[in-house]
*Asks:* 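Structure provided below as structure tokens; questions to follow.
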Amino acid sequence: MKFSTFSTQKLFTLATLLLFVTAPQFSLARTAEEWRSRTIYQLITDRFAQAPGQENPKLCSDNRNEAEIRRYCGGTFSGIINKLDYIKNLGLDAIWISPVVKQMDNLTSIGVGWHGYWAQDIYQINPHFGTADDLKKLVKAAHDKDIWVMVDVVANHMGPQEKLPPRTDQYVKAYSPFNKTEHYHVFCLITNYDDQGNVEYCSIGSADDPLPDLDTENPAVISELNNWISWLTREFDFDGIRIDTARHIRQNFWDEFTRSSGVFSIGEILSDNSGYVASYQSHMDSTLGYPLYTKLIRLYTNPNANMYELRDVINNDRNAFKDTRILGNFIDSHDQERFAHKTQDKVLFRNALTLVLLMDGIPIIYQGVEQDFTGAPTGNDPFNREALWPSSYSQTTPTYQFIANINALRKVVSPSFYTSLSIEAWIDEHIYAFIKEKVLIITSNYGGNNPNRDLVIQGNGVWPTGEVLVNILKCDEKITIDGSLNVPVKIDGEPKVLYPEKSLKGSRICGL
Ligand SMILES: *[C@@H]1O[C@H](CO)[C@@H](O)[C@H](O)[C@H]1NC(C)=O
Ligand SMILES: *[C@@H]1O[C@H](CO)[C@@H](O)[C@H](O)[C@H]1NC(C)=O
């Protein structure tokens with residue numbers, strides 16, 4: 001008995017050893033656990049940076065030129081490599097890049113697939129962005145700077161072909177590898193987003209440009225997509241996948257798909273319903289935090305909205321999701337009206353940004369937030385997908401430094417910051433304050449109207465009497481914990497991020 005156990009173990013050790021010796025050079029597949037402490041910069045390859053030495057700064061520099069911005073603007077993988085320090089200095093340590101696969105090049109009345117959501121061949125890399133080798137170089141260059149790379153992937157649909165009848169031989173022959181009519185669902189446009197069958201079986205897009213909906217019940221399509229995602233993540237050494245239009249495919253499709261990917265997965269389920277979005281977390285690691293996003297937009301752009309709604313969504317999310325601490329939190333995205341277009345009030349903007357950067361979850365900063373982009377004239381797609389080069393990649397704008405400052409604090413806190421749940425410290429109609437590890441975060445929706453309020457926030461025993469907390473967003477504001485372990489603060493409308501002064505020594509935050 002003893003002997004056989006021993007030999008089994010020995011055999012196992014040998015097998016493990018052999019595996020390591022014979023496996024080609026590979027890096028670790030990143031798990032949800034490892035992603036917890038990361039912060040993500042969301043970029044659109046075509047719009048982030050043009051190839052060094054081949055810049056055409058005029059192209060897409062006028063955001064009102066709709067015909068122009070509906071086509072390629074010249075961003076490339078080598079452009080991203082050249083600007084990785086812009087992301088690194090913002091304090092972010094992961095990027096989510098727009099889809100990399102080859103797109104339909106046919107011009108439609110709404111442009112071409114520069115955004116990446118209109119695939120033609122899922123095994124080829126979009127030549128507008130560079131070669132497969134360039135993409136590998138990008139991932140390598142990012143890893144060398146300890147920046148992880150999450151790739152955006154689409155399994156729900158392919159690109160549109162205007163004026164051709166969908167699901168005909170003539171239509172489907174343009175795609176690879178899905179070039180048979182049976183690879184697609186019988187054509188219909190989604191008409192009712194409350195009907196899950198309609199959402200899964202019909203096409204998104206418009207009557208002129210429906211996006212052909214893959215038949216993800218067809219075993220040939222299923223196995224092809226699983227093989228593809230397994231190939232894609234390993235071939236390019238990606239650390240994570242962001243799954244587009246996840247609610248448009250039956251949930252159990254994602255079990256095998258995400259397992260095949262071998263990396264952390266975060267799905268887009270566009271809904272403000274906590275229970276609905278949360279149900280997908282049983283089929284992938286995480287989702288975008290749409291329920292929280294929806295509330296924070298409402299609360300922080302509208303001084304008349306009531307902060308108790310924030311408590312509600314946080315509680316609802318905690319009850320519904322398996323784990324809220326790995327949800328992707330955001331203030332802006334390529335699919336939503338930019339925050340800075342909804343309100344011009346920078347104080348409100350900073351409050352919302354503070355919440356996103358420090359609330360439970362993985363913060364996602366969409367390109368342009370750091371440059372106060374507004375997405376004018378509409379704030380929405382396609383205008384919220386501005387080229388970044390007109391900003392000259394300035395690293396001195398107040399918002400850029402604001403984000404970098406908070407991210408620097410995220411590097412100082414102890415690891416329990418990423419595994420603990422925030423504790424509500426104060427709530428009223430206008431204020432929401434919370435404690436996470438030894439950080440006290442105070443946000444409000446007064447905006448530019450300074451309410452001049454004195455508040456005593458309960459310290460929950462987190463800091464001892466006499467401890468000095470510094471507001472890292474306004475370094476000369478220091479608060480001493482009083483004899484009842486409370487935190488006396490003056491509310492002026494700006495967010496506050498308070499942290500023990502002595503623990504900031506050596507961090508360079510506030511010159512300490
Ligand atoms: C779209 O482009 C593909 C080749 O990429 C071509 O086969 C197809 O005929 C084009 N469709 C239309 C509607 O022009
Ligand atoms: C469909 O694609 C396969 C390869 O994926 C190819 O062998 C076949 O010839 C294509 N069929 C048509 C009709 O283009």
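Reckoned from all heavy atoms, side chains included, excluding hydrogens, waters and symmetry mates. All figures in this text were calculated on a predicted structure; none of them were measured in a lab. We count ligands from 1, going down the list as the structure has it; atoms in each ligand are counted the same way.
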*Asks:* Would you please determine whether Glu162 falls within less than 4.0 Å of ligand 1 on a heavy-atom basis?
*Replies:* yes
*Asks:* Would you mind checking if Arg338 and Glu386 are paired as a salt bridge, meaning a charged N to carboxylate O distance below 4.0 Å?
*Replies:* yes
*Asks:* Less than 4.5 Å apart, side chain to side chain, heavy atoms only: is that true for Leu211 and Ser203?
*Replies:* no
*Asks:* Quick check on contacts: which atoms of ligand 1 are under 4.0 angstrom from a heavy atom of Met104?
*Replies:*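 So the atoms of ligand 1 that pass are 1 (C), 2 (O).
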*Asks:* Mark the output for Gln161 as yes if a heavy-atom distance to ligand 1 is under 4.0 Å, and as no if none is.
*Replies:* yes
*Asks:* Looking only at the aromatic ring of each residue, does the gap between the centers of Phe373 and Phe383 stay below 6.0 angstrom?
*Replies:* no
*Asks:* Do the side chains of Gln161 and Tyr175 get nearer than 4.5 Å, heavy atoms only?
*Replies:*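 Tyr175 reaches Gln161 side chain to side chain.
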*Asks:* Tell me which protein heavy atom sits closest to atom 7 (O) of ligand 1, plus the residue, atom name and distance to 0.1 Å.
*Replies:* Ala174 CB, 4.0 Å
*Asks:* So, are Arg250 and Glu217 salt-bridged, with charged N and O less than 4.0 Å apart?
*Replies:*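 Here Arg250 pairs with Glu217 in a salt bridge, since their nearest N and O are under 4.0 Å apart.
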*Asks:* Does a salt bridge link Asp237 with Arg30, judged by any charged N lying under 4.0 Å from a carboxylate O?
*Replies:* no
*Asks:* Counting only heavy atoms, which portion of Gln120 has something under 4.0 Å from ligand 1: side chain, backbone, both, or neither?
*Replies:*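 Gln120 to ligand 1: no contact under 4.0 Å from either part.
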*Asks:* Hey, looking at atom 8 (C) of ligand 2, which of Asn179, Asp169, Asp121 has the closest heavy atom?
*Replies:*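 Result: the heavy atom closest to atom 8 (C) of ligand 2 is in Asn179.
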*Asks:* Are any of the side-chain nitrogens in Asp381 or Arg70 under 4.0 Å away from the carboxylate oxygens of its partner?
*Replies:*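 Not counted as a salt bridge, because no side-chain N and carboxylate O are separated by less than 4.0 Å.
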*Asks:* Is Lys163 in contact with ligand 1, taking contact as a heavy-atom separation below 4.0 Å?
*Replies:*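 The answer is no, since Lys163 has no heavy atom less than 4.0 Å from ligand 1.
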*Asks:* Out of Thr108, Asn106, Leu107, Leu164, whose heavy atom is nearest to atom 5 (O) of ligand 1?
*Replies:* Asn106
*Asks:* Do you see a protein non-hydrogen atom under 4.0 Å from atom 11 (N) of ligand 2?
*Replies:* yes
